[in-house]
Amino acid sequence: MSVKQIKVNAIKNGTVIDHITAGRVLKVIDILNINDNNSVMIGMNLNSRKIGKKDIVKIENRELSEQEANSIALISPNVTLIIIKDFEVTKKVELQMPDSIEKLIVCPNSKCITNSDEVTSKFKIDSISKTVRCHYCEKKYSLEELKIKI
């Protein structure tokens, strides 16, 4: 019995976001500002030798901003970001969760000063416990509780 495999087309120029934690690809798509110039391919719950199951996104004609990369690292730490130019890999980096992050997270505490337009949010990130602590109200939250600004 032969095993057939369906392959996704290679992209000429753009970004591949690989090794997304299985089931989180739609959260990744939510933070990306996809427009009519971008062809997007999504794979969900694919087999991965590295992490067991994974999701993947290929975005044609687009490189991610640092803010988008940091947001993705919060949703799915250890994602591999691959930049493609003329069908060749020109850059490949494993995104790490930053130690702190500003402006990208909405504080869940409705009474926090950062929920006004006067102060931008700032959080300290604990990548081991996968929690964040607001710099201003000092409340601690799990990464699952957070709303990432788009």
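The two residues Y136 and V119 come nearest to each other via the heavy atoms CZ-CG1, 3.6 Å. Between A73 and M97, the shortest heavy-atom contact is O-CE, 4.0 Å. Considering all non-hydrogen atoms of both residues, L46 and G43 come closest at CD1-CA, 3.9 Å.
Note that the CG atom of N109 and the NZ atom of K140 stand 16.0 Å from one another [nearest 0.5 Å]. Distance check: T131 OG1 to D126 CG gives 4.5 Å after rounding to the nearest 0.5 Å. Remark: F123 CZ to L74 CG distance equals 10.0 Å, nearest 0.5 Å. Annotation: the span from C112 atom SG to H135 atom NE2 amounts to 10.5 Å, rounded to 0.5 Å. Note that CG of N70 and CG of L95 are 8.0 Å apart. Values are rounded to the nearest 0.5 Å. One distance of note links CZ of R62 with OG1 of T15; it measures 7.5 Å at 0.5 Å rounding.
Here the side chains of N13 and E60 are not in contact, with every heavy-atom distance at 4.5 Å or above. Counting heavy atoms from C-beta on, the side chains of I75 and D30 never come closer than 4.5 Å. Taking the side chain as every heavy atom from C-beta outward, L32 and I59 approach each other to under 4.5 Å. Counting only heavy atoms from C-beta outward, the side chains of I125 and S100 never approach each other to under 4.5 Å. Within the 4.5 Å cutoff, the side chain of I17 has heavy atoms near those of the L81 side chain. With contacts defined as side-chain heavy-atom distances shorter than 4.5 Å, the pair C137/C107 qualifies.
Taking the charged nitrogens against the carboxylate oxygens, K91 and E63 have no contact shorter than 4.0 Å, which rules out a salt bridge. Salt-bridge formation is not detected for the pair K12/E88: no Lys NZ or Arg NE/NH1/NH2 atom is positioned less than 4.0 Å from an Asp or Glu carboxylate oxygen. Salt bridge present: K54 and D18 bring a charged side-chain N and a carboxylate O closer than 4.0 Å.
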Salt bridge (charged side-chain N to carboxylate O under 4.0 Å, His left out) between K124 and D99: does it pass, once the steps are laid out?
CA-CA 6 Å; K124 176 96 173 119; D99 293 330; 5.6 Å; no
Set out, in order, the CA-CA distance, both residues' side-chain angles and the distance that settles side-chain contact (heavy atoms from CB on, under 4.5 Å) for I84 and V89, then state yes or no.
CA-CA 5 Å; I84 309 290; V89 173; 3.8 Å; yes
Applying side-chain contact (heavy atoms from CB on, under 4.5 Å), run through I42 and I29 and close with a yes or a no.
CA-CA 9 Å; I42 300 172; I29 292 297; 3.9 Å; yes
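Cluster membership for I83 and V79, using ILVMFWY side-chain heavy atoms within less than 4.5 angstrom, is not shared. In the hydrophobic cluster analysis, where Ile, Leu, Val, Met, Phe, Trp and Tyr join through side-chain heavy atoms closer than 4.5 angstrom, I20 is grouped together with I31. Under the 4.5 Å side-chain contact rule for hydrophobic residues, V106 and I72 do not share a cluster. Under the 4.5 Å side-chain heavy-atom criterion for ILVMFWY residues, a single connected hydrophobic cluster contains both V40 and M44. Linking Ile, Leu, Val, Met, Phe, Trp and Tyr whenever their side-chain heavy atoms come within less than 4.5 Å leaves I11 and F87 in two separate clusters.
Within 6.0 Å of the CD1 atom in I113, the count of heavy atoms belonging to other residues, nucleotides or ligands does not exceed 12. Few gaps surround NZ on K50; more than 12 heavy atoms of other groups in view lie less than 6.0 Å from it.
Listed for the D55 side chain is no donor-acceptor partner under 3.5 Å among the backbone atoms of A22. When atom types are taken as modelled, the side chain of T21 and the backbone of R24 share no donor-acceptor pair closer than 3.5 angstrom. Judged by distance alone, the side chain of S48 and the main-chain N or O of I51 form a donor-acceptor pair under 3.5 Å. Judged by distance alone, the side chain of R133 and the main-chain N or O of Y141 form no donor-acceptor pair under 3.5 Å.
When only modelled atom types and interatomic distance are considered, T114 and S121 share no side-chain donor-acceptor pair under 3.5 Å.
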